[in-house]
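Each residue takes its place number in the sequence, starting with 1.
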Amino acid sequence: MLRSEFCLSFMDIFDQLSSVDVPPPPATLDRDVHCRLNHRLLTVQLVELFTQTAWFAFRHFARAFVGLCVFTVSGKYVEDRRDRPRQGP
């Protein structure tokens with residue numbers, strides 16, 4: 001019994017909503033949405049750049065810089081086997 005009353009109450013709401021006039025969207029809606037969305041996308045991408053990508057690049061450049069300093073001071077080039085591709089037998 002409760003289920004049918006629940007469905008009827010929704011039908012009444014839908015009937016009421018069908019008779020309500022909906023105003024047209026504002027003329028600047030698209031521009032406003034694009035401005036807000038672009039601002040948020042730029043913010044997210046900059047945060048991602050500085051928290052993830054910049055540290056990754058810094059780590060790799062730091063390894064090269066340390067290798068340059070070691071070569072300058074000692075005059076010997078130290079090979080890092082991790083960077084070389086593995087050779088088969």
Side-chain angles (χ1 to χ4, degrees):
M1 191 65 115
L2 290 175
R3 183 179 174 113
S4 62
E5 289 176 10
F6 183 71
C7 291
L8 287 177
S9 67
F10 264 122
M11 294 306 288
D12 291 338
I13 291 173
F14 291 143
D15 287 335
Q16 290 174 359
L17 287 175
S18 67
S19 63
V20 173
D21 290 330
V22 178
T28 61
L29 179 69
D30 286 339
R31 186 172 44 91
D32 294 341
V33 169
H34 283 291
C35 287
R36 287 190 316 198
L37 183 62
N38 287 341
H39 178 69
R40 288 194 175 119
L41 284 174
L42 178 65
T43 303
V44 167
Q45 288 176 346
L46 287 176
V47 166
E48 183 178 85
L49 173 72
F50 290 119
T51 59
Q52 296 174 359
T53 313
W55 291 111
F56 179 78
F58 176 75
R59 187 179 73 214
H60 286 283
F61 285 125
R63 286 183 59 207
F65 184 73
V66 168
L68 174 69
C69 293
V70 168
F71 178 74
T72 302
V73 171
S74 69
K76 296 179 183 176
Y77 179 71
V78 179
E79 285 190 44
D80 190 5
R81 294 268 179 197
R82 293 180 297 170
D83 291 342
R84 303 178 90 199
R86 294 185 183 193
Q87 298 175 355

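Residues satisfying the side-chain contact (heavy atoms from CB on, under 4.5 Å) criterion with Val70, sequence neighbours excluded, are Val66, Ser74, Val78.
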For a quick test of your reading: what N or O donor-acceptor pairs under 3.5 Å do the side chains of residues 27-45 make, sequence neighbours left out?
from, atom 1, to, atom 2, distance (Å)
Thr28, OG1, Asp32, OD2, 3.3
Asn38, ND2, His34, O, 3.2
Thr43, OG1, His39, O, 2.8

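Interatomic distance, CZ of Phe56 versus NE2 of His60, reported as 3.5 Å (0.5 Å rounding).
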